[in-house]
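As structure tokens, the structure follows; a few thoughts come after it.
The figures that follow rest on heavy atoms only: side chains count, while hydrogens, waters and symmetry mates do not.
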Amino acid sequence: MNIPTFGLGTFRLKGQTVIDSVTAAIELGYRAIDTAQIYGNEADIGQALDASPVARDQLYLTSKIWTDNYAADRLIPSLKESLHKLRTDYLDLTLIHWPSPGNAVPVAEFMGALAQAQDEGLTRQIGVSNFTIALLREAIDAVGAGQIATNQIELHPYLQNRNVVAFARKNDIAITSYMTLGYGKVLHDPVIQAIAQRLQATPAQVVLAWAMHSGFAVIPSSTKRAHLQSNLAAQQLQLSEADMTAIAALDRNERITSPEGLAPDWDD
């Protein structure tokens, strides 16, 4: 089963804000929703999904296990709590959110617990987030490359993470791009703006289309219905080979998210 190439991110959205965002997104045609235990919004999203006329089996729900819950005796109970908040019996995809700080819980332990959750039907697919090549190798050793659906990483025109992408592709692990718009920074890039103007598209549509044409799944977030609708339309935008090459040339290894105590030793 392939992960959806386009979904809704919910990072930093809580309460009525995330309820409204998820509700509007589903009304517009979004069918994949991405959240995480640490976002503190699973219950709000559960409320929005419960009120939606769209059947559960038409949706693709992703959540991420937080670092406090990586130990073998804590991972599954925490996942069950997430399911309760989300008002569902299963997740479509469950990710390890960050590497365990200081390797307090070995990769083999939390990946084994995640695989057990999959065996128990609590999640259809499993994967990781913010993993380097070295950590991906450990995860593969623990459960097998075929079991890892995706590595969700910061990826945008200014940080294209080519080495991690190449390793993941070699092992048939899909890449999900988060922060695809670089917190809006890349939207002001003259190259992006020129392409957008020529195609009569928004800069956000151009960047999202670039990511999808590059083979990455994207999960942009927005609190505005018009932006949600505009982002969704990026799926129909066609970029030329010259456009793709021009955007590829913007890579400058500019990382935005690298929280102290969580971030691993990143690959160049």
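- Taking every heavy atom of both residues into account, A233 and Q205 meet most closely at CB-NE2, 3.7 Å.
- Note that CD1 of I133 is 4.0 Å distant from CG of D267, once rounded to the nearest 0.5 Å.
- Taking NE2 of H213 as the start and CE of M244 as the end, the distance is 6.5 Å to the nearest 0.5 Å.
- Residues L93 and I26 do not share a hydrophobic cluster, clusters being chains of Ile/Leu/Val/Met/Phe/Trp/Tyr side chains in contact below 4.5 Å.
- The cluster map of Ile, Leu, Val, Met, Phe, Trp and Tyr, joined by side-chain heavy atoms under 4.5 Å apart, puts I148 and L122 in the same cluster.
- The side chain to side chain contact (heavy atoms under 4.5 Å, CB included) search around Q229 returns L28, not counting sequence neighbours.
- Using a 30° and 60° split on the angle between ring planes, W266 and W98 fall in the perpendicular class, above 60°.
- Cluster annotation: L159 and V165 are assigned to distinct hydrophobic clusters (Ile/Leu/Val/Met/Phe/Trp/Tyr, side-chain heavy-atom contacts under 4.5 Å, transitive).
- Between the E109 side chain and the A72 main chain, a donor and an acceptor come within less than 3.5 Å of each other.
- Under the 4.5 Å side-chain heavy-atom criterion for grouping Ile, Leu, Val, Met, Phe, Trp and Tyr, W210 is connected to I195 within one hydrophobic cluster.
- Other residues, nucleotides and ligands contribute over 12 non-hydrogen atoms within 6.0 Å of the CD atom of E120.
- Within a 6.0 Å radius of CG in D57, other residues, nucleotides and ligands contribute more than 12 heavy atoms.
- Under a cutoff of 6.0 Å and an axis angle of 45°, R162 and F167 do not form a cation-pi pair.
- Using a 4.5 Å heavy-atom threshold, the side chains of I175 and I153 count as touching.
- I45 has its side chain within reach of I33: a pair of non-hydrogen atoms, C-beta onward, lies under 4.5 Å apart.
- For the pair L95/I65, no side-chain contact is recorded, criterion being any heavy-atom separation below 4.5 Å from C-beta on.
- Within the 3.5 Å criterion, the main-chain N or O of F216 finds no donor-acceptor partner in the side chain of S214.
- The minimum heavy-atom distance linking A36 with S63 is given by the pair CA-OG, 3.4 Å.
- For the pair F131/I96, a side-chain contact is recorded, criterion being any heavy-atom separation below 4.5 Å from C-beta on.
- Rounding to the nearest 0.5 angstrom, the gap separating the CG atom in L86 from the CG atom in D50 is 11.0 Å.
- By the neighbour-count criterion of 12 heavy atoms within 6.0 Å, atom CG of D119 is densely surrounded, having more than that number from other residues, nucleotides or ligands.
- The two residues S222 and L13 have their closest heavy-atom pair at O-CD1, 4.3 Å.
- In terms of heavy atoms, E254 sits closest to H156 at O-CE1, 3.3 Å.
- Remark: H227 NE2 is loosely packed, at most 12 non-hydrogen atoms of other residues, nucleotides or ligands lying under 6.0 Å away.
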Show your reasoning for whether side-chain contact (heavy atoms from CB on, under 4.5 Å) applies to L79 and T94. CA-CA 9 Å; L79 176 52; T94 304; 4.0 Å; yes
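- For the residue pair T223/S21, the side-chain donor-acceptor check at 3.5 Å is not satisfied.
- Listed here is the closest heavy atom pair of S100 and V105: OG-N, 2.9 Å.
- Between T257 and Y178 the shortest side-chain heavy-atom distance falls below 4.5 Å.
- Ion pair R198/D243 flagged as a salt bridge, since at least one NZ, NE, NH1 or NH2 atom sits closer than 4.0 Å to an Asp/Glu carboxylate oxygen.
- A donor-acceptor pair shorter than 3.5 Å cannot be found between the side chains of Q118 and T123.
- Between V22 and D44 there is no side-chain heavy-atom pair separated by less than 4.5 Å.
- No side-chain donor-acceptor contact under 3.5 Å links N171 to the backbone of I173.
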Pair L199, L237 - check side-chain contact (heavy atoms from CB on, under 4.5 Å), show working. CA-CA 8 Å; L199 296 177; L237 187 65; 4.2 Å; yes
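- In this structure, L232 is not a member of the same hydrophobic cluster as I3, with clusters built from ILVMFWY side-chain heavy atoms closer than 4.5 Å.
- For the pair N69 (side chain) and L75 (backbone), a donor-acceptor distance under 3.5 Å is absent.
- Nearest heavy atoms, L61 versus D92: N-OD2, 2.8 Å.
- Using a 4.5 Å heavy-atom cutoff, the side chains of L49 and R56 are not in contact.
- Listed for the T150 side chain is a donor-acceptor partner under 3.5 Å among the backbone atoms of T176.
- For D34 and Q152, the side-chain atoms include at least one donor-acceptor pair closer than 3.5 Å.
- From L135, atom CG reaches atom CD1 of I140 across 11.0 Å, with rounding to the nearest 0.5 Å.
- Contact check on K80 versus D89 returns no salt bridge, with no Lys/Arg side-chain nitrogen under 4.0 Å from an Asp/Glu carboxylate oxygen.
- Ring geometry for Y70 against F110 counts as tilted: the plane angle lies between 30° and 60°, on a 0 to 90° scale.
- Taking the ring centroids of F6 and Y30, they lie under the 6.0 Å cut-off.
- Although no hydrogens or angles enter the test, the distance criterion places no donor-acceptor pair under 3.5 Å between the side chain of S230 and the main chain of A226.
- For K14 and Y39, the side-chain atoms include no donor-acceptor pair closer than 3.5 Å.
- Using a 3.5 Å distance cut-off with no hydrogens or angles, the side chains of Y158 and N253 do not pair a donor with an acceptor.
- Side chain of E138 to main chain of A108: no donor-acceptor pair is present (N/O by atom type, distance under 3.5 Å, no hydrogens or angles).
- Checking E42 against T35 by side-chain atom types alone, no donor-acceptor pair falls below 3.5 Å.
- Relative to the six-membered ring of Y60, R31 misses at least one condition, a distance below 6.0 Å or an angle of at most 45° to the axis.
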Test side-chain contact (heavy atoms from CB on, under 4.5 Å) on V207 and I247 and set out the steps. CA-CA 8 Å; V207 176; I247 298 173; over 6 Å; no
As a quick check of understanding, evaluate side-chain contact (heavy atoms from CB on, under 4.5 Å) for I38 and H97, giving each step before the final call. CA-CA 9 Å; I38 197 65; H97 203 154; 3.6 Å; yes
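- Atoms CD1 and CG, on I219 and L208 in that order, are 11.0 Å from each other to the nearest 0.5 Å.
- Considering only heavy atoms from C-beta on, S177 comes within 4.5 Å of T180 through its side chain.
- At distances below 3.5 Å, not a single donor-acceptor pair connects side-chain atoms of N151 with backbone N or O atoms of G127.
- Atoms CG and CD, on L114 and Q147 in that order, are 10.0 Å from each other to the nearest 0.5 Å.
- Using a distance-only test at 3.5 Å, with no hydrogens or angles considered, a donor-acceptor pair links the side chain of N161 to the main chain of E154.
- Open room surrounds CD on E241; 12 or fewer heavy atoms of other groups in view lie less than 6.0 Å from it.
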